[in-house]
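For reference, the structure discussed in these notes is given below.
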Amino acid sequence: MICSVSLLHVPPLPHRASPTPNPITHLLHNFSSPFELKQVHAHLLKTNSPLSSIPLLRVASVCALNSSFSYAKLIFELVDASEVALWNTCLRSLAEGDSPVDAISLFYRLREFDVCPDNYTCSFVLKACSRLLDVRNGRIVHGYVEKLGLQSNMFLLNMIVHLYALCGEMGVARMVFDKMPQRDVITWNIMIAQLVKRGDIEGAYKLFVEMPERNVRSWTSMIGGYAQCGKPKEAVDLFLEMEEAGLLPNEVTVVAVLVACADMGNLDLGRRIHDFSNRIGYHKNIRVCNTLIDMYAKCGCLDDAYRIFNDMEERTVVSWSAMIVGLAAHGQAEEALAFFNKMINTGMKPNAVTFIGILHACSHMGIVGKGRKYFASMTKDYGIIPRIEHYGCMVDLFSRAGLLQEAHEFIMNMPIAPNGVVWGALLGGCKVHKNIKLAEEATRHLSELDPLNDGYYVVLSNIYAEAGRWEDVARVRRLMRDRGVKKTPGWSSIMVEGMVHNFVAGDETHPQTEEIYKTWEKLLERMKLEGYVPNTSVVLLDMEDDQKEKFLFRHSEKLAVVFGLIKTGPGTVIRIMKNLRVCEDCHAALKIISVVSTREIVVRDRNRFHCFKNGSCSCGDYW
DNA sequence: ATAGGGTTAG
């Protein structure tokens with residue numbers, strides 16, 4: 001009996017669609033026991049089927065794994081190829097199939113029956129270990145690699161380093177890495193990517209600097225790492241450096257740098273990457289488009305986000321969710337919900353993030369009833385178990401709407417432990433709706449859950465200040481000092497001609513400070529004619545009103561807007577980024593500025609967008 | 001034969 005070698009490459013393929021639903025054919029390709037094999041065998045004899053219809057390697061694998069090892073060997077005698085090579089092919093299909101454990105079992109049987117593993121054998125078993133995160137067997141295979149004298153095979157050592165790192169054994173990975181007589185780019189890249197994944201961006205950067213040569217993947221890992229850990233500036237700088245070095249970004253690089261652009265609101269670079277992607281063809285890539293949607297939405301350009309979404313030939317749940325989350329952040333609740341309906345109608349299944357967007361939209365527009373409905377529907381209709389984020393949205397929804405008691409009860413009845421964000425949402429509602437008692441309750445939990453977050457102390461002291469309880473304000477201040485908590489200084493930034501200009505309150509460091517304040521004075525006169533009245537109650541210091549006005553007029557977002565008016569031509573949209581939330585006075589001022597300057601002003605707040613146009617804001621003053 | 005990618009509440 002001779003069989004054609006092409007048979008060797010018939011994979012087990014449990015998924016293979018059989019044109020004729022013949023149960024025997026099906027069994028032949030999917031059997032997993034010698035008993036089933038006998039049935040097949042009997043059938044083949046009866047029908048006199050050609051031998052070429054038999055997937056020999058699968059037969060051998062199943063036999064070997066089911067204590068008919070010698071039978072398996074017999075099969076291999078029929079084939080004109082070396083025995084190890086045949087076993088290696090079996091191992092590979094097992095390692096890459098949906099039962100990698102079998103590859104490991106087969107490996108041990110090979111040893112039992114004196115089949116000597118070679119470098120390929122080891123590579124496939126290591127692959128199986130990686131897929132299973134099985135470091136125990138990995139260690140054993142590592143031992144064999146050394147015993148077989150393969151300890152200088154870079155392929156294998158790379159896989160071993162990768163395996164240890166994947167399984168969280170960074171120390172061992174590092175030791176193997178350090179001991180390697182030679183390393184290639186991949187060795188370094190494996191270490192860098194794994195360090196980044198474990199959040200050790202500094203460790204990764206050290207290796208990145210140290211490595212003798214870097215390829216696109218090395219750069220991409222670092223850029224992605226910085227983008228992910230909230231250091232978008234570093235990510236962008238590295239990206240520019242990479243371009244300088246003459247390397248061409250790939251799709252993954254583009255995604256990574258776009259995430260950074262989104263985070264820091266760097267629209268200029270984001271647009272440039274978009275152009276580049278269109279030129280080079282990356283715009284056909286779904287992930288690139290999803291990230292572009294998010295980038296544009298986070299940079300305040302919903303129209304552009306929508307254009308990307310619209311032009312996509314294929315969309316995933318992420319594309320839809322990115323749009324919904326973006327619309328929610330812009331306060332366009334109705335549109336967000338309309339999007340959700342369209343999404344459902346196209347048969348797309350929403351996920352947990354989709355609902356974060358939906359609930360976010362409801363809470364920002366105060367549509368409590370709908371929020372409740374969606375929260376219930378999420379589990380009932382889509383089987384999604386609410387996560388802490390969803391509970392946070394609900395507490396925010398109730399709190400903003402003034403349903404503070406309900407919010408409190410909701411927290412007490414949560415099936416999972418509330419975190420700082422959840423109590424923080426209640427605290428925020430307490431400030432808007434002036435409820436000192438519940439604010440104090442929230443604060444009690446917050447000083448346990450998130451004692452170093454300055455924001456909560458600030459809100460509480462603001463609540464006291466508004467009520468004129470200055471001795472309590474002083475007490476909170478003391479508490480902050482005792483705990484070493486410092487108030488984050490507010491800043492606003494604006495990008496002009498590719499340069500970021502940053503302003504803090506009362507800023508006098510900007511080279512054009514004088515011009516800015518002069519322009520502000522002139523602007524202020526026109527604003528007052530339009531009905532602007534400074535709202536000094538937002539200045540929570542115990543002082544005279546004219547003093548307060550001085551503080552008020554030097555808020556960073558006002559300075560940034562004035563600078564934008566000076567530096568950009570008529571009709572240009574002014575885009576501001578802010579690290580905290582917009583104060584009530586600035587909010588009122590920006591509405592009026594949008595009228596007297598006939599400009600659109602988009603402010604990205606700590607957690608949403610305000611789009612000021614013709615005297616009103618997209619948030620509908622509910623924020 | 002060996003290395004990666006997006007959306008997330010305040």
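This structure is a prediction, so every number in the text was calculated from the model and none was measured. Computation of the quantities below employed the complete heavy-atom set of this structure, encompassing side-chain atoms and omitting hydrogens, waters and symmetry-equivalent molecules.
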Need one value for A/Ser319: base, sugar-phosphate or nothing, where a base atom within 4.0 Å counts as base even if backbone is also close, heavy atoms only. base

Would A/Trp188 and A/Phe177 count as a ring pair (Phe, Tyr, Trp, His ring centres under 6.0 Å) if you check the C-alpha gap in whole Å, the side-chain angles of each, and the deciding distance to 0.1 Å? CA-CA 9 Å; A/Trp188 291 88; A/Phe177 174 86; 5.1 Å; yes

What is the separation between atom CZ on A/Arg198 and atom P on B/dG4, rounded to the nearest whole Å? 11 Å

Classify the nucleic acid contact of A/Leu157 as base, sugar-phosphate or nothing, counting any heavy atom under 4.0 Å across all strands shown. nothing

Would you classify A/Phe355 as touching base, sugar-phosphate or nothing, given that sugar-phosphate means primed atoms plus P, OP1 and OP2, and contacts are heavy atoms under 4.0 Å? nothing

Please work out whether the ring planes of A/Phe375 and A/Phe410 are parallel, tilted or perpendicular, with thresholds of 30° and 60°. perpendicular

Just to confirm, is there a sub-4.0 Å distance from OP1 or OP2 of B/dG10 to any side-chain nitrogen or oxygen of A/Lys431? no

Angle class for the A/Phe339/A/Trp320 ring planes (parallel below 30°, perpendicular above 60°, tilted otherwise)? perpendicular

Calculate the interatomic distance between A/Phe239 atom CZ and B/dG5 atom P; express it in whole Å. 18 Å

Base, sugar-phosphate or nothing for A/Val325? Non-hydrogen atoms, less than 4.0 Å. sugar-phosphate

For A/Asn88, report the nucleic acid contact type (base, sugar-phosphate, nothing); a contact means any heavy atom under 4.0 Å. nothing

Under 4.0 Å between a side-chain N/O of A/His360 and OP1 or OP2 of B/dG10, yes or no? yes

Phosphate contact (B/dA9 OP1 or OP2) by A/Arg387 side-chain N/O below 4.0 Å: no

Roughly, in whole Å, what's the span from CD in A/Glu389 to P in B/dT7? 13 Å

Is it the case that more than 12 heavy atoms not belonging to A/Lys342 sit under 6.0 Å from its NZ atom? yes

Among B/dG10, B/dT2, B/dT7, the one nearest any side-chain atom of A/Ala425 is B/dG10

Ring-on-base stacking B/dA1 with A/Phe155 (under 5.5 Å, under 30°): yes

With a non-hydrogen cut-off below 4.0 angstrom, is A/Thr220 in contact with a base, only sugar-phosphate, or nothing? base

Could you check how far CD1 of A/Ile201 sits from P of B/dG4, rounded to whole Å? 15 Å

Can you figure out which of B/dT8, B/dG4, B/dA1 approaches the side chain of A/Ile356 most closely? B/dT8

Proximity to the side chain of A/Lys127 - top-ranked nucleotide from B/dA1, B/dT2, B/dA9: B/dT2

Atom-pair distance (CZ on A/Arg400; P on B/dA9), nearest Å: 12 Å

Should A/His162 be listed as having a side-chain N or O under 4.0 Å from OP1 or OP2 of B/dA1? no

Any base atoms under 4.0 Å from A/Val185, or only sugar-phosphate, or nothing? Heavy atoms, all strands. nothing

Name the nucleic acid region contacted by A/Thr316, choosing base, sugar-phosphate or nothing; use a 4.0 angstrom heavy-atom cut-off, strictly under. base

Heavy atoms under 4.0 Å, any strand shown: does A/Asp118 hit a base, just sugar-phosphate, or nothing? nothing

Nearest to the side chain of A/Arg287, which nucleotide is it out of B/dA1, B/dG5, B/dT7? B/dG5

Provide, to the nearest angstrom, the distance between the OH atom belonging to A/Tyr296 and the P atom belonging to B/dT7. 17 Å

When you measure from the side-chain N and O atoms of A/Lys197 to the phosphate of B/dG4, is any distance below 4.0 Å, counting only OP1 and OP2? no

When all nucleic acid strands are considered with a 4.0 Å heavy-atom cut-off, which category describes A/Gln228: base, sugar-phosphate, or nothing? sugar-phosphate

Could you give the CG-to-C1' distance, from A/Leu195 to B/dA3, as a whole number of Å? 13 Å

Options B/dG10, B/dT7, B/dG4, nucleotide nearest the side-chain atoms of A/Asn453: B/dG10

Tell me whether A/Arg272 is salt-bridged to A/Glu243, with the criterion being a basic N under 4.0 Å from an acidic carboxylate O. yes

Rounded to the nearest Å, what distance is computed from the CG atom of residue A/Leu327 to the C1' atom of nucleotide B/dT8? 16 Å

Mind telling me whether A/His360 and A/His364 have parallel, tilted or perpendicular rings, with 30° and 60° as the class edges? tilted

Taking any heavy-atom pair under 4.0 Å as a contact, classify A/Asp396: base, sugar-phosphate, or nothing. sugar-phosphate

Residue among A/Val259, A/Asp263, A/Ile201, A/Val257 satisfying side chain to side chain contact (heavy atoms under 4.5 Å, CB included) with A/Tyr226: A/Ile201

Compare side-chain N and O positions of A/Gln194 against OP1 and OP2 of B/dG4 and report whether any pair is under 4.0 Å apart. yes

